[in-house]
Peer 1: 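Here you go, one structure.
What you see below is based on every heavy atom in this structure, not just the backbone, and it leaves out hydrogens, waters and symmetry mates. When a ligand or atom number is given, it counts from 1 through the structure's own listing order.
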Amino acid sequence: MLFNKDRPLTIAYKLTDKSLASKLKWFEHLPEINLIPAEHLFNGTDDIPLLRITNKGLFLEQNGQRLFFHPNMAILRFVNIIRGDGDRFLRAVQLKKGDSFLDATMGLGVDTLIASWTVGAEGKVLALESSPLIFTLVTEGLENMKNRVFPLTTHSLKKQAWNELSQAATYIKTIHTDHLEYLKSLPDSSLDVIYFDPMFRLPRTKSSAMQPIKTWSDPNPIKKETIDQALRVAKRRVVLKERKNSPEFSELGFQTILENKYSPIDFGIITISE
Ligand SMILES: C[S@@+](CC[C@H](N)C(=O)[O-])C[C@H]1O[C@@H](n2cnc3c(N)ncnc32)[C@H](O)[C@@H]1O
């Protein structure tokens, strides 16, 4: 795990084309990251992460792991929703057009994209991320989704998903912050729904497909104080995604659980008003 709020992280970067140097601007305001050109390293880059800056996006690599923004999961979920198969996240958050939504744990931005598509241009989506690397990769990915071409597909629903989700990406405001600090700065009852999907519940196996995000993300559990702040700021509900039967649900005050007997994950809900 590389995330440490108190220690700057050195990263080497490689540009696939000189014209991409402007992308370094993403790192200018991140004191947590010390970016150096890869050609300044003597012994390769295995000891420190390598950031490839390409016209297809930003790719972070180390020891065979690769982290980058990829909306494939959001596209699959979009297709399922349009086909009428539903979406557990949407059932839990109960968003509708025009709502305001705070994603307190943005991660790779999948839930945020689905939320933004649901609330539409008239809604508001704020997505918070404390890991500087994940924040940068995903913010750049969301901002550039509109400029990138979806790989050729004859699947018309996937094309529709790409078009509508790249539009939805433009409505998302991403913020690099710790969610507790940010929540404290917000007025009472100022957002409809607040959502938490922490890293904490993810198993500690090395083989997991989630390994790259685990390596660079903030692993800390959600504090009770954070949920208390969310309950002050939310108008309608606060939602927590967690492992089935996780003690976190009751410890953080989530009594209503949206269960699915076939899934290892459930959603806890605290309703403030219907
Ligand atoms: C499991 S991921 C979220 C996945 C996301 N729901 C998605 O659909 O891609 C959790 C993310 O929350 C971030 N995080 C953890 N603690 C945080 C905090 N205190 N403030 C902001 N972000 C935090 C982690 O760095 C990680 O990227």
Side-chain angles (χ1 to χ4, degrees), residues 1-6 9 30 32-33 60 65 67-78 80-81 87-90 92-93 95 101-118 125-142 145 165 168-169 172-186 193-205 208-230 233 238-243 246 248 252 263-268:
M1 195 272 297
L2 286 163
F3 183 84
N4 182 337
K5 284 182 178 129
D6 307 316
L9 176 65
L30 294 174
E32 307 93 324
I33 294 180
L60 191 68
Q65 286 183 36
L67 184 69
F68 55 100
F69 171 75
H70 49 94
N72 308 14
M73 191 53 80
I75 286 170
L76 286 181
R77 277 171 59 182
F78 176 103
N80 287 339
I81 295 164
D87 185 90
R88 291 186 74 208
F89 161 77
L90 285 184
V93 291
L95 288 171
F101 175 74
L102 177 90
D103 183 347
T105 50
M106 173 173 74
L108 294 179
V110 181
D111 292 323
T112 286
L113 266 172
I114 296 293
S116 182
W117 171 68
T118 306
V125 173
L126 301 173
L128 314 184
E129 176 53 59
S130 53
S131 157
L133 285 170
I134 293 174
F135 168 77
T136 309
L137 263 58
V138 175
T139 301
E140 193 273 348
L142 288 170
M145 227 177 129
L165 291 174
I172 300 168
K173 182 172 166 49
T174 65
I175 304 169
H176 173 40
T177 182
D178 177 272
H179 50 221
L180 174 56
E181 294 316 307
Y182 191 77
L183 281 165
K184 281 183 188 166
S185 73
L186 294 176
V193 178
I194 300 182
Y195 173 63
F196 296 88
D197 173 12
M199 291 309 296
F200 187 59
R201 64 159 206 283
L202 295 174
R204 297 188 180 279
T205 64
S208 160
M210 291 297 284
Q211 192 60 41
I213 185 167
K214 276 164 60 190
T215 303
W216 284 294
S217 60
D218 183 340
N220 291 306
I222 306 286
K223 297 181 180 134
K224 179 74 174 78
E225 186 189 2
T226 306
I227 299 300
D228 292 343
Q229 284 294 329
V233 174
V238 175
V239 175
L240 172 69
K241 182 173 167 183
E242 256 295 346
R243 240 181 306 119
S246 165
E248 294 288 296
L252 295 171
S263 168
I265 296 298
D266 283 333
F267 293 85

Peer 1: Heavy atoms only: which of Glu129, Lys223, His179 is nearest to atom 13 (C) of ligand 1?
Peer 2: Glu129
Peer 1: Under 30°, 30 to 60°, or over 60°: which ring-plane class applies to Phe78 and Trp117, parallel, tilted or perpendicular?
Peer 2: tilted
Peer 1: For Ser131 and ligand 1, does the shortest N/O to N/O distance drop below 3.5 Å?
Peer 2: no
Peer 1: Touching ligand 1 at all, Ala104? Heavy atoms, strictly under 4.0 Å?
Peer 2: yes
Peer 1: Which of the atoms in ligand 1, numbered in the order shown and given with their element, are less than 4.0 Å from a heavy-atom of Thr177?
Peer 2: 20 (N), 21 (C)
Peer 1: Run the numbers for me: atoms of ligand 1, each under 4.0 Å from some heavy atom of Ser217, listed by number.
Peer 2: 24 (C), 25 (O), 26 (C), 27 (O)
Peer 1: Angle class for the Phe101/Phe89 ring planes (parallel below 30°, perpendicular above 60°, tilted otherwise)?
Peer 2: perpendicular
Peer 1: Does ligand 1 come near enough to Asn220 that some N or O of the ligand is less than 3.5 Å from an N or O of the residue?
Peer 2: no
Peer 1: If you round to the nearest 0.5 Å, how far is CG of Leu252 from CD of Glu225?
Peer 2: 12.5 Å
Peer 1: At under 4.0 Å between heavy atoms, is it the side chain or the backbone of Lys241 that contacts ligand 1, or both, or neither?
Peer 2: neither
Peer 1: Distance under 4.0 Å to a non-hydrogen atom of Asp178: what atoms of ligand 1 satisfy this?
Peer 2: 18 (C), 19 (N), 20 (N)
Peer 1: Test of understanding: given a 4.0 Å heavy-atom threshold, classify the contact between Pro219 and ligand 1 as side chain, backbone, both, or neither.
Peer 2: neither
Peer 1: Would one find an N or O of Ser130, backbone or side chain, under 3.5 Å from an N or O of ligand 1?
Peer 2: yes
Peer 1: Under 4.0 Å from any heavy atom of Gly109, which atoms of ligand 1 are there?
Peer 2: 7 (C), 9 (O)
Peer 1: What's the spacing between Thr136 OG1 and Leu60 CG if we round to 0.5 Å?
Peer 2: 9.5 Å
Peer 1: Is the shortest side-chain heavy-atom distance between Asp111 and Asp197 below 4.5 Å?
Peer 2: yes
Peer 1: Is it true that, when you exclude Lys223 itself, more than 12 heavy atoms of the residues, nucleotides or ligands shown sit nearer than 6.0 Å to its NZ?
Peer 2: no
Peer 1: Among Val138, Asp103, Thr174, which residue meets the side-chain contact (heavy atoms from CB on, under 4.5 Å) test with Thr112?
Peer 2: Asp103
Peer 1: More than 12 heavy atoms of other residues, nucleotides or ligands under 6.0 Å from NZ of Lys224: is that the case?
Peer 2: yes
Peer 1: Below 3.5 Å, N or O to N or O, backbone or side chain included: is there any such pair between Asp103 and ligand 1?
Peer 2: no
Peer 1: Which of these passes side-chain contact (heavy atoms from CB on, under 4.5 Å) with Leu183: Thr177, Ile194, Asp178?
Peer 2: Ile194
Peer 1: Under 4.0 Å from a heavy atom of Leu108: which atoms of ligand 1 are those, numbered in the order shown and with their elements?
Peer 2: 9 (O)
